[in-house]
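To start, the structure itself, in C-alpha cells.
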Amino acid sequence: MANDASTVFDLVILGGGSGGYAAALRGAQLGLDVALIEKDKVGGTCLHRGCIPTKALLHAGEIADQARESEQFGVRATFEGIDVAAVHKYKDDVISGLYKGLQGLVASRKVTYIEGEGRLSSPTSVDVNGQRIQGRHILLATGSVPKSLPGLEIDGNRIISSDHALVLDRVPKSAIVLGGGVIGVEFASAWKSFGSDVTVIEGLKHLVPVEDENSSKLLERAFRKRGIKFNLGTFFEKAEYTQDGVKVTLADGKEFEAEVLLVAVGRGPVSQGLGYEEAGVAMDRGYVLVDEYMRTNVPTVSAVGDLVPTLQLAHVGFAEGILVAERLAGLKPVPVDYDGVPRVTYCHPEVASVGITEAKAKEIYGADKVVALKYNLAGNGKSKILKTAGEIKLVQVKDGAVVGVHMVGDRMGEQVGEAQLIYNWEALPAEVAQLVHAHPTQNEALGEAHLALAGKPLHSHD
C-alpha cells in the first residue's frame, strides 16, 4: 500500500451518505480540511435507494388514487393505468437533480472527494484505490443494507428487497410484504395505489409497531378500507417458489401466495470486512458503539448514521454528522435527543410522531400522571376538504409539558415541524393554545388539540 503522506486531513470520512456528507459539508464550512470517501455515489441510500425514490413512488401512487377518485370532487378524469417506465423516469429525474446539486455543494465547499471502496487501516488512516489517506480524525459512516431472515434468500426476482422493488419493471399483480414497519407499509401503500393485491405479514401485534398503539390501529383501519390485507402476530416460517410466484408459510401454518415477496424486515449495518474491529473499534452485532457525542472507544474514530444503533433516519444521520464536525471544530454541540426527532411514515394515510408514546410515558411517569387527548380530523375543515380521516393524539404529563404528539392522516408529515417544537421546547398545552393557527389548514388541528387539552375546546366536544 503506497503511503500518500503528503496530506494529513483534519477529517477523513468513510461513506458519503446522509451522515457522512453532512459531516463533510459542515466540517469544511468550519475550516476543517476534509476528505470524503464513497464507493458508489454521494448521497447514499437515502438519495439513491431510500427516502427520495420511495417518496416519489408514493406520490405517483397518490396521483393514481386521485385520478380514480376524482369524481367525488366533481372532476371527471379517466385513469388508464400505470406507465412503469415513465414513473421510473420521474423518480430518476428527481434523484438526478438532487444528486447534481449535492455534487455541486461538495465541490463548492472544497471537500476532497475520493471515489473508491475504502477500508479503515489504522485509527488515523483509510486505504482506498491503492493509497493510504491519513487523517487526524476518522468518521465511519458506511450505512446499512436491507436485511433478510435466516433461510430466506433474496433472489432479486421473486423474492426481493426494497432495492429491487425501487427498480421493478412492472407493477406486480400480487405482492406479499414481509414486515409491517416503515419500509413495508410504504411499499404496500404504493403498490396498492398502482393496482396490486397486497398482503402485509407482521410478526408483532400491530403495523408500525414502534409507533403509539392508537396510530397503529388507525393505520390498520385505513388499510382495511383501502383493501390492503395484513396478518399480525404470527412470525414467518418459510418461503418457497410456486409455478408462477412465491408461497409464504407462517409459524401457525397459514399460507399466502403472490407473484412477489418483498422482504422488509429492516436494515443491517455495513461494517464487515472494513477493518473496524482490527483497529480496535468496539462493535455489537455489526453496529459500531458510540457515546452521545458519536465517539467510539478509539479516541480518533467517530461513527454516525445507520452504522450506529440509533434511529435509522436520514435526518438523524444529518444531525449526527453535523454534531461530529462541530465537536472536531471546537464548538460545543448538544447531543441529539432521539425522542425529540420527528418520525414520519409516508404511506396513505401518513403516520407522524415526535416524543414518546402513551405507554412509554406511563412507564416513566406513572399511569396516574399521564393525560392523553385525541382530536379527530373530522372536525378540521382542510382535512374534510381533502377527504382524509385520522387523529392527532397528545400525551401530556399531568399539569406539565406535552411529551408526545402522534398524528395519522394525509399530509400529517407536514405538521410534524410544529409538533417537534412543542416537544423539544417542553411546551405546556396552554402555551400552544394561545398561538393562532391559520384557518383552514391541517396545522390548525394541532392548535385545536392543544385548545382541548388546555380545557377550552373550540371545534371539538369537551
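Owing to the predicted nature of the structure, the values given are computational and were not obtained by experimental measurement. Along the sequence shown, residues carry numbers from 1.
- Here Arg26 contributes atom CZ and Leu323 contributes atom CG; the two are 11.0 Å apart, rounded to the nearest 0.5 Å.
- Leu307 contributes atom CG, which lies 9.0 Å from atom CG of Leu139 (distance to the nearest 0.5 angstrom).
- Nearest heavy-atom pair, Asp65 versus Arg226, reported as atom, atom and distance to 0.1 Å: OD2-NH2, 3.8 Å.
- Looking at every heavy atom in both residues, Ile183 comes nearest to Ser162 through CG2-CB, 4.0 Å.
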Inset, instruction - Could you please spell out the steps behind the side chain to side chain donor-acceptor pair (under 3.5 Å) verdict for His206 and Glu220? - result: CA-CA 8 Å; His206 286 296; Glu220 288 158 15; 2.9 Å; yes
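- Contact detail for Leu311 and Val316: the closest heavy-atom pair is O-CG1, 3.5 Å.
- The NZ atom of Lys100 sits 15.0 Å away from atom CG of Leu105, with the distance rounded to the nearest 0.5 Å.
- Neither side chain, Ser122 nor Arg132, offers a donor N or O lying under 3.5 Å from an acceptor on the other.
- No side-chain heavy atom of Phe9 sits less than 4.5 Å from a side-chain heavy atom of His137.
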Inset, instruction - Show your working on side chain to side chain contact (heavy atoms under 4.5 Å, CB included) between Asn297 and Leu289 and close with a plain yes or no. - result: CA-CA 8 Å; Asn297 63 310; Leu289 299 178; over 6 Å; no
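- Here the CG atom belonging to Asp252 is positioned 12.0 Å from the CZ atom belonging to Phe235, to the nearest 0.5 angstrom.
- Scanning all heavy atoms of the two residues, the minimum distance from Val402 to Pro429 falls at CG2-CG, 4.0 Å.
- Remark: side-chain polar atoms of His406 are paired, donor with acceptor, to backbone N or O of Ile356 under 3.5 angstrom.
- Applying the 6.0 Å contact sphere to CZ of Arg221 captures no more than 12 heavy atoms from other residues, nucleotides or ligands.
- Salt bridge absent: Asp212 and Lys374 never bring a charged side-chain N and a carboxylate O closer than 4.0 Å.
- A donor-acceptor pair under 3.5 Å is absent between the side-chain atoms of Arg411 and the main chain of Glu350, judged by distance alone.
- Between Glu211 and Lys393 there is no salt bridge, since no side-chain N of the basic residue sits under 4.0 Å from a carboxylate O of the acidic one.
- Environment of CD in Gln272: sparse, with no more than 12 heavy atoms of neighbouring residues, nucleotides or ligands closer than 6.0 Å.
- Between the side chain of Asn129 and the backbone N or O of Gln131 there is no donor-acceptor pair closer than 3.5 Å.
- Using a 4.0 Å cut-off between a side-chain N of Lys or Arg and a carboxylate O of Asp or Glu, Lys247 and Glu255 qualify as a salt bridge.
- Atom CD of Gln103 is surrounded by more than 12 heavy atoms from other residues, nucleotides or ligands within 6.0 Å.
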Inset, instruction - Would you sort out whether Glu391 and Asn214 count as a side chain to side chain donor-acceptor pair (under 3.5 Å), showing the intermediate values? - result: CA-CA 9 Å; Glu391 287 179 357; Asn214 186 65; 3.0 Å; yes
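- Formation of a donor-acceptor pair under 3.5 Å by the Ser18 side chain with backbone atoms of Phe318 is not found in this model.
- Within a 6.0 Å radius of CD in Glu414, no more than 12 heavy atoms belonging to other residues, nucleotides or ligands are found.
- A 4.5 Å side-chain heavy-atom check between Val126 and Ile114 finds every atom pair outside the cut-off.
- Between the Gln312 side chain and the Arg267 main chain, a donor and an acceptor come within less than 3.5 Å of each other.
- A salt bridge links Lys229 with Asp197: at least one charged nitrogen is closer than 4.0 Å to a carboxylate oxygen.
- Using a 4.5 Å cut-off on side-chain heavy atoms (C-beta onward), Ile95 and Pro53 make contact.
- When every heavy atom of Tyr113 is checked against every heavy atom of Asp40, the shortest pair comes out as OH-O, 4.2 Å.
- In this structure, Ile422 and Leu446 have side chains that are in contact, with non-hydrogen atoms separated by less than 4.5 Å.
- Residues Ala28 and Arg109 approach most closely at CB-O, 3.4 Å, considering heavy atoms.
- Looking at heavy atoms from C-beta onward, Val246 lies out of side-chain contact with Ile176 at the 4.5 angstrom threshold.
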Legend entry - Derivation and outcome, side chain to side chain contact (heavy atoms under 4.5 Å, CB included), residues Val405 and Leu394: CA-CA 5 Å; Val405 181; Leu394 305 179; 4.0 Å; yes
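- When atom types are taken as modelled, the side chain of Ser189 and the backbone of Val185 share no donor-acceptor pair closer than 3.5 angstrom.
- Between Thr7 and Asp33, some side-chain heavy-atom pair lies under the 4.5 Å cut-off.
- Side-chain contact between Leu11 and Leu328: present, with at least one pair of heavy atoms (C-beta onward) separated by less than 4.5 Å.
- Between the side chains of Thr296 and Tyr276, not a single donor N or O lies within less than 3.5 Å of an accepting N or O.
- Comment: Lys360 engages Glu363 in a salt bridge, judged by a side-chain N to carboxylate O separation of less than 4.0 angstrom.
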Inset, instruction - Apply the test side chain to side chain contact (heavy atoms under 4.5 Å, CB included) to residues Leu58 and His348: give CA-CA distance (whole Å), side-chain angles for both, the deciding distance (0.1 Å), then the verdict. - result: CA-CA 8 Å; Leu58 282 157; His348 168 49; over 6 Å; no
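- Tyr99 and His48 have perpendicular rings, their planes meeting at more than 60° on a 0 to 90° scale where under 30° would count as parallel.
- A side-chain donor from one of Glu418 and Asn443 sits under 3.5 Å from a side-chain acceptor of the other.
- Residue Glu257 holds its CD atom at 9.0 Å from OG of Ser174, rounded to the nearest 0.5 Å.
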Inset, instruction - Let me see the working for Glu320 and Val290 under side chain to side chain contact (heavy atoms under 4.5 Å, CB included), right down to the final yes or no. - result: CA-CA 11 Å; Glu320 292 172 344; Val290 292; over 6 Å; no
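- In this structure a side-chain-to-backbone donor-acceptor pair under 3.5 Å is missing from Thr345 to Cys347.
- In terms of modelled atom types and a separation under 3.5 Å, the side chain of Asp410 and the main chain of Thr388 share no donor-acceptor contact.
- Few gaps surround CD on Glu240; more than 12 heavy atoms of other groups in view lie less than 6.0 Å from it.
- Looking only at distances, no side-chain donor or acceptor of Arg170 sits under 3.5 Å from a matching main-chain atom of Val84.
- Judged purely by atom type and a 3.5 angstrom limit, Arg158 uses its side chain to pair as donor or acceptor with the backbone of Thr242.
- Summarising the geometry, atom CG belonging to Asn157 is positioned 7.0 Å from atom OH belonging to Tyr241; distances are rounded to the nearest 0.5 Å.
- Inter-residue side-chain proximity for Glu153 and Ile159 is flagged as unmet; no heavy-atom pair is nearer than 4.5 Å.
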